[in-house]
Amino acid sequence: MAETLSPMMQQYQGIRRTLPPDTLLLFRLGDFYEMFFEDAKEAAGILDVALTKRNGVPMCGVPFHAAEGYLAKLIKAGRRAAICDQVGEVVPGRIVQREVTQIITPGTISDVNLLEARRNNYLAAIFEREERYGFAYVDLSTGEFRLTEVESMAQLEDELARVCPSEVLVSEEQAEQLCALAAALSTRCDGYAFLADQAGFALRSHFQVQSLDGFGCTDMPAAVGAAGAILHYLKTGLRRQISHITRLTCYRNSQFMIVDAATQANLELVASRGGARDTSLLAALDRTVTPMGARRLRDWILHPLCKLEPLRERQDFIAELLAESFLLSQARDSLKGVRDIERTVARLNQAGGNARDLLVLQNSLKRLPDLKTHLRSLAERVSFGANGCGTGLRARTEQDLHEFPDLVSLLETALVDDPPIAVKEGGMFRDGYSEPLDELRAAGTEGKKWIAELQQREIERTGIKSLKVRYTSVFGYFIEITKANLGSVPADYHRKQTTVNGERFITPELKEMENKILGADERAQALEYDLFHQVRQQALRWLAELQATASAIATLDVIAAFAETARLFGYCRPELTEAGRLEIRDGRHPVLDQSLVEEKFVPNDVELDGGPNRLLIITGPNMAGKSTFIRQVALLTLMAQIGSYLPASRAEVGLADRIFTRVGASDDLSRGQSTFMVEMNETANILNNATERSLIILDEIGRGTSTFDGLSIAWSIAEFLHDRTKARTLFATHYHELTELEMTRSGVKNYNVAVREWNEQIIFLRKIIRGGADKSYGIQVARLAGLPPEVIGRAKEVLSNLELAELNADGKPKIAEKPPLYPARKRKKTPGLPITDERPQMSLF
Ligand code: ADP
Ligand code: MG
């Protein structure tokens, strides 16, 4: 077969063989990137370009100057693309040398145009070893690199949901086992890269350390495997330059509040569930003004802390900025001028980048002295907290914020105000920056001046008024004479080309000058290219300081955004404790509080503890505000644990180790099709994993099945949580029967959302008050919805009949009769459901 292939196709096949099979090869041919064979068929579909055939080979191509947009489409479609460029000189008759210069995968994009500025783009790796699960992830565009190890697939799944990587590396051998977690995103890699020896070596040699002790991950072999595989993949698989990955952060789950995938979605932490508006917590809190801050905020929301000290530091910093609100607004103003230093530096370091990146750096760095001054003034003015001394988050942020006077002045003297995107075409450097460059430029300019004057001289010499000296990139300089004047052409003109209107000539003199100019231009461009590399190298000498500064800016931006939100919406500083109490006065839902237009949000109190207020049953009619209230409590707890102030007049928050949420099947809008089974799975997860320090939010549990089943399950779950788990729990339910639990359980308190009946209408007061709802008001809500009056009337009749049957012969509520079940852990039978006996009497419809 090889004999029948042209030399070019042989070259193509040779390069193709060095790439993993599922990588699209974009092969530079003249002004196009071409794809062949199966690649062409697939790409033509994704890119919506014409599929053609040459010598029976399917092919499609995209113009190289528009390649970026097409690449973006391929990457968005989850594909990998290898860019193969011409690297040698073009010699006629010989095939030009080509090389793969970049392999781009969804997890390793570094092009600004392909990246979302306000969120990270992660490449992750997962690895199982002796039933421990290693997880590592890197953002190549920023250099952030983290690893951890967890005990179960479920926890690994939660980590994946939290980090949300664009690509996940899995060892070939474990693909079957682990791919279910991230099937669509997974890239299979050679298993040996994950093995302890190889991975440890990869990490040690990259970070140039003798041992991994300093990273605190020696007891995490599975995580080391995953991290090592990432380095191997980037360096060997994708041929990337990754020296900007300078740190490796090892974290443990216990450091952070656990936010499982279901809770993240239920509470709409970083993304809302459909709908035109973004109703996520992130959207409500995001008043950051830099991309670094936006990314950091997202990260904090997904990683709430369980330790008092770092949270109090964040609060102190916010408090200081609020106390000096003038400095807050000045700091935010200065931050607005700071662009994405973090990604710019990473791009420059990966042998990419251009003079505009250097300019971005220059303009951003110029803001730093101001920022530093604001932070210093803050330190001088505040009279509380860790004021002035060298500890605390504010002090550390100030220390990490470097100023770069030398770098700024270097960039200022070197770069023109508006440099081009291209790095090989000159025009980047100022006159006076480099003497040799100035000389080359002068030579070029003088030549051009000579040519500019040539036209006038030749018009005078020949008497041809219409004579023109022109230039094209293909033919160079020439003198153009129209047909009518060809008779007056002097003898020293040599004809070069004939056109429709006349002829083009060259003179020996002009030819010589052209060589000088073009030579000078070419050499000037080459010199500028060298100078660019030198300046870039200079800038990268400050890599560590630049990265630290970018990180400090991210922190400052988030803290200032917290302060700004607190200022705008009257938030309070919650008192954080390690006691298991939660008390909020006049709490508001952070998202609705900002977005309600027609009604004003009605604030509510809550009091939860491990004792008498352990389990709150919230009843009330549909639409009263139950779901809003319990989510609000969960969101406020989470906000407190990312260091934010709270929309409340006063708050005490005992740190939770974990927030669980479970939303009943029919109340879960976006997952309307979700089955009762899913609901029960998630509930089982809560019952099995919650601790006394957890906060549990249950919304309409048991709704996904028949009334009796549902009520029974809800009832026994509530008892179990109260008696056994002892976690702080909010239980919203439309089963007002559950309020009877308060009679038999000391830690249960009933609340309901107040409504007022008026002319058989229902008015929602949105106020949470003590006591159970006396009825469901389903009929009134149905009336609101416009059910026909006959139906409403009949429903009332049925209801009053049913209500007669709810009490037993002694007038006691039937469901509450049973003695407590759960304190006795071991029972012969599995705990029965307390209401089974009542079934026949209570048969409803
Ligand atoms: P339920 O879960 O009881 O059926 P929701 O919590 O879904 O009710 O609330 C229904 C609507 O009531 C919400 O969409 C919101 O617009 C409004 N609402 C809820 N709580 C409040 C409040 N405290 N103040 C103002 N409006 C509220
Ligand atoms: Mg609800």
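Each ligand, and each atom within it, is numbered from 1 in the order the structure gives. None of the values given here were measured: they were computed from a predicted structure.
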Which heavy atom of Ala656 sits nearest a heavy atom of Gln641, and at what distance?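 Heavy atoms of Ala656 and Gln641 come nearest at N-OE1, 2.8 Å.
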
Test of understanding: given a 4.0 Å heavy-atom threshold, classify the contact between Pro603 and ligand 1 as side chain, backbone, both, or neither.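 Neither; no heavy atom under 4.0 Å.
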
Which bit of Val753 is near ligand 1, meaning a heavy atom under 4.0 Å away: side chain, backbone, both or neither?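 Answer for Val753: neither.
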
[X] and [Y] ion-paired at < 4.0 Å:
| X | Y | result |
| --- | --- | --- |
| Arg724 | Glu719 | no |
| Lys749 | Glu607 | no |
| Glu159 | Arg162 | yes |
| Glu583 | Arg650 | yes |

So for ligand 1, is [X] a polar contact partner (N or O within less than 3.5 Å, distance only)?
| X | result |
| --- | --- |
| Phe601 | no |
| Leu592 | no |
| Ala624 | yes |

Start with the C-alpha distance between Leu655 and Leu311, add both sets of side-chain angles, then the distance that settles side-chain contact (heavy atoms from CB on, under 4.5 Å), and finish with yes or no. CA-CA 10 Å; Leu655 301 186; Leu311 289 171; 4.0 Å; yes

Crowding at NZ, Lys76 (>12 non-hydrogen neighbours, <6.0 Å):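 Atom NZ in Lys76 is not crowded, with 12 or fewer foreign heavy atoms closer than 6.0 Å.
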
Between Thr683 and Ile713, is the side-chain contact (heavy atoms from CB on, under 4.5 Å) condition met? List the steps. CA-CA 10 Å; Thr683 310; Ile713 291 170; over 6 Å; no

Which ligand 1 atoms does [X] reach within 4.0 Å, using its non-hydrogen atoms?
| X | value |
| --- | --- |
| Gly625 | 1 (P), 3 (O), 5 (P), 6 (O), 8 (O), 9 (O), 19 (C), 20 (N) |
| Asn622 | 4 (O) |
| Thr628 | 5 (P), 6 (O), 9 (O), 13 (C), 19 (C), 20 (N) |

Return yes when Pro621 approaches ligand 1 closer than 4.0 angstrom through a heavy atom, no otherwise.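 Heavy atoms of Pro621 do come under 4.0 Å of ligand 1.
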
Can you tell me if Lys600 has a non-hydrogen atom under 4.0 Å from ligand 1?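 Checking ligand 1 against Lys600, which is what was asked, there is a heavy-atom contact under 4.0 Å.
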
Would one find an N, O or S atom of Met623, in either backbone or side chain, under 2.8 Å from the Mg ion (ligand 2)?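 No, since none of the N, O or S atoms of Met623 sits under 2.8 Å from the Mg ion (ligand 2).
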
Considering only heavy atoms, which of Val602, Leu596, Thr733 lies nearest to atom 24 (N) of ligand 1?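 Checking each option, the heavy atom nearest atom 24 (N) of ligand 1 is found in Val602.
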
Using heavy-atom distances only, which candidate in Ser627, Ser595, Ala732 approaches atom 2 (O) of ligand 1 most closely?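 Among Ser627, Ser595, Ala732, the closest heavy atom to atom 2 (O) of ligand 1 comes from Ser627.
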
Looking at Lys626, Arg662, Arg631, which hits salt bridge (Lys or Arg N to Asp or Glu O under 4.0 Å) with Asp699?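 Checked Lys626, Arg662, Arg631 against Asp699; only one passes salt bridge (Lys or Arg N to Asp or Glu O under 4.0 Å): Arg631.
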
